[in-house]
Protein chains: 2
Amino acid sequence: MQKQHSSRKRAVTMRDVAKMANVSQSTVSRVLSGAEESIPIGEETKQRVMEAVKSLGYYPNLYAGSLRGQKTFMIAMMVADIANPFYHPMVRAVQDVAHSHRYDVMIANTDHTRDGEMHFIESVIRRPVDGLILVPYHLTQVDIERCIARTGVAVAALGQHVTHPQVDTVFGNDERAVLEAITWLIQARSHKRIGFIGVTDNFSVGVRRRSAFVEAMRQAELPLPPEMFEYGDWSSESGERAMRSFLSLPQPPTAVFAVNDLMAIGAMEAVQKAGLCTPQDVAMIGFDDIPPATWVRPRLTTVAQHPAEMGHIMAKALFERIQGDYSGPGRRFEAPCRFVIRESA
Amino acid sequence: MQKQHSSRKRAVTMRDVAKMANVSQSTVSRVLSGAEESIPIGEETKQRVMEAVKSLGYYPNLYAGSLRGQKTFMIAMMVADIANPFYHPMVRAVQDVAHSHRYDVMIANTDHTRDGEMHFIESVIRRPVDGLILVPYHLTQVDIERCIARTGVAVAALGQHVTHPQVDTVFGNDERAVLEAITWLIQARSHKRIGFIGVTDNFSVGVRRRSAFVEAMRQAELPLPPEMFEYGDWSSESGERAMRSFLSLPQPPTAVFAVNDLMAIGAMEAVQKAGLCTPQDVAMIGFDDIPPATWVRPRLTTVAQHPAEMGHIMAKALFERIQGDYSGPGRRFEAPCRFVIRESA
DNA sequence: CGAATTACCGCATACGATTTCACAACAGGA
DNA sequence: TCCTGTTGTGAAATCGTATGCGGTAATTCG
């Protein structure tokens, strides 16, 4: 028992299999990779090899294969925050599609930061993968271009943030959905002072949803005082903070729209902690329709997206590129948004 | 522009750097890997190499390094269900520790199935990593032994499910916590008919928590009719189903304990949909204390665990093994559980 | 001043797989 | 008998990096 520290043990290799089956290592390779179509292998030899594989419990080392210029059988997925339930069905869908292609998925989260996203890109340059699923907030076309140019990787992305000639994207028409929701708030519920909880402007989604909000208010010819705009970091805690700011105003909003459900839920907490009621005192609308939206009381009125479908579409498009079934310009898939009226507004 | 299909482009290699810096590839390797300690490198040479690295934008291919017998700079983490908020702080903690060691984390979820867990083991045999963080429910000592024997990987695990001489484990004393909670339900709230929502017996956690439940009832000399036991699959939907079964009984329970918060939340939904109230008609206690536990109304009484701390402990122990700072027998770390009384019971 | 260090660096090989090329054996046809 | 295929197999190059070993020039020592 020498001190081995953390050095890995020698695994079962193809050569071991070859030795046991009394064939050369290349024959083993051919049997396993199913190259028998082009290069014939004797039936009896094949049997011997398969037996040896089974009795040794051999598994190919995928690093070696990928080094030689083959596929890595791995895709990487970059999401902002796996703690946000919105991404769960998406991750799940991607994993399902990947597994059906015998691929593994490596997930990284970026905490909504540019550093996190850059780290991800570097990471897939050092450890190449066959495909990338991105949910980018800060990455620019240049960053993605660099990554594609260096690794030739296939890419699919969520959102309208990036437009790259070789990247397929899936996006919801969130502008229209926001417009619909706010207009409904004004017309059907006759709100006039509506607060907006967004995120900082380096998120293009935030900018877009605020524009839609502003547009709806403009159309109704309602004022847009600056104190009706608060900004958070997508988390429920930040939504709570934002709502507290609203409530400390001499004239708080009578309704609030938050750009995601987590912040809306946090805002509702703040309302209740202040001894007020939703929707009587402050109506609330969120975005995403995550499961907790139906757990809170009152149930959250929100804009439903279809993350599972979005994930599925991205993954499917990605594998079409990986397998060379498609290699044309970046496609754009629109996924529907649906305004869901519950109890909070 | 030949048709390139999905074949990856040739990346910048060490040889390219070497050529540009007019040195041999091995010198580049030594400069970058900081092996200058054992084999000295001229200051001026080092400069040239670094310049070339920068100007070419070179990143080492980690697959190649790991092939050569080095570290992979990657650990893999296996969790049951990434959609369960309980795991989020744990995943986050593991990632934080890993990144501080310049490691990447690959996450896989198993959907609570044995197949999923086995797939994970196979996957890390084919694509070796330096360390494993496991949240195993079905894996046996034999499976883990096989994995360690073949890859020499370091392992840390959550729970009391596995006991392996080389695996460090972190666990909460959930039996005591359950005992405390149920006893409180009996003594402080004088419940006599208490329902139990568990999981099937191939989860050792489920068995253990049910034993503790049974023990508490025994100590209070209360009956344990079989109709007071329902079983779900950890999801809120299954909790809702289980509760509906309880409510269809001629004599439904006056209190229910669920082995996790998700099922407890689902059960509360069922109570409310039946037009009943928590805690007046049916009191509810969960387990885990995930964020939604404070979002639902009434707020959920539950047993708090500390997933962030657990993740941190596991990761720290793992890296001690990876770096050879520790190589003794498997350590057992106990993390505290805390009974949190809110409004649902 | 010749020999022994030392500082610095390159050559060659190994890691585990894929893939190209070569080749042996054997068949059938001229 | 010679040539040409066909079939089945092995040898060797290759991917990008790490490293043992050996070599060369500069330096130190006796």
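Residue numbers start from 1 in every chain, and the chains themselves are labelled A, B, ... in the order their sequence lines are given, proteins ahead of strands.
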Requested in this report: Would you classify B:Val28 as touching base, sugar-phosphate or nothing, given that sugar-phosphate means primed atoms plus P, OP1 and OP2, and contacts are heavy atoms under 4.0 Å?
Outcome: nothing
Requested in this report: Quick one: list whatever passes side chain to side chain donor-acceptor pair (under 3.5 Å) with A:Tyr58, sequence neighbours left out.
Outcome: none
Query raised in the report: Hey, is NE2 on B:His112 packed in by over 12 heavy atoms from elsewhere, all under 6.0 Å?
Result: yes
Query raised in the report: In whole angstrom, what separates A:Leu62's CG from C:dA17's P?
Result: 9 Å
Query raised in the report: Do NZ/NE/NH1/NH2 and the carboxylate oxygens of B:Arg92 and A:Asp111 come within less than 4.0 Å?
Result: yes
Report task. Decide whether a cation-pi geometry holds between B:Arg331 and B:Tyr326; the criteria are a distance under 6.0 Å from NZ or CZ to the six-membered ring centre and an angle within 45° of the ring axis. Result -> yes
Query raised in the report: In whole angstrom, what separates A:Lys71's NZ from C:dG16's C1'?
Result: 20 Å
Query raised in the report: Cut-off 3.5 Å, side chains only: do B:Ser24 and B:Thr27 have a donor facing an acceptor?
Result: yes
Report task. Write down the distance between NZ (A:Lys46) and P (D:dT7), rounded to a whole number of angstrom. Result -> 13 Å
Query raised in the report: Can you find a donor-acceptor pair, distance only, under 3.5 Å between A:Arg30 side chain and D:dG10 base?
Result: yes
Report summary line: Whole-Å distance, A:Met14 CE to C:dT19 P, equals 10 Å
Report summary line: Taking C:dA17, D:dG16, C:dG10 as options, the one with an atom nearest any side-chain atom of B:Asn61 is D:dG16
Query raised in the report: Roughly how many Å is it from CZ in A:Arg15 to C1' in C:dA17, rounded to a whole number?
Result: 9 Å
Query raised in the report: B:Arg48 or A:Ser29: which one's nearest nucleotide on DNA chain C is closer to the 5' end?
Result: B:Arg48
**Report entry** Non-hydrogen side-chain atoms of A:Gln166 and A:Ile148 separated by less than 4.5 Å
**Finding:** yes
Query - Minimum side-chain heavy-atom gap B:Gln95-A:Asn109 below 4.5 Å - result: yes
Requested in this report: Look at the side-chain N and O atoms of B:Tyr59 and state whether any lies under 4.0 Å from the OP1 or OP2 oxygen of D:dT17.
Outcome: no
Query raised in the report: Within the pair A:Thr13 and C:dG16, is there a side-chain N or O less than 4.0 Å away from OP1 or OP2?
Result: no
Query raised in the report: Checking all strands, does A:Thr27 fall into the base, sugar-phosphate, or nothing category for heavy-atom contacts under 4.0 angstrom?
Result: sugar-phosphate
**Report entry** Nucleotide D:dT14, atom C1' - distance to CG of B:Leu67 in whole Å
**Finding:** 12 Å
Query raised in the report: Expressed in angstrom and rounded to an integer, what is the separation of B:Phe73 atom CZ from D:dA18 atom P?
Result: 9 Å
Can you tabulate the close N/O pairs, meaning under 3.5 Å, that link protein atoms to atoms of nucleotides 12-14 of chain C?
unit_1	atom_1	unit_2	atom_2	d
C:dA14	N3	B:Arg68	NE	2.8

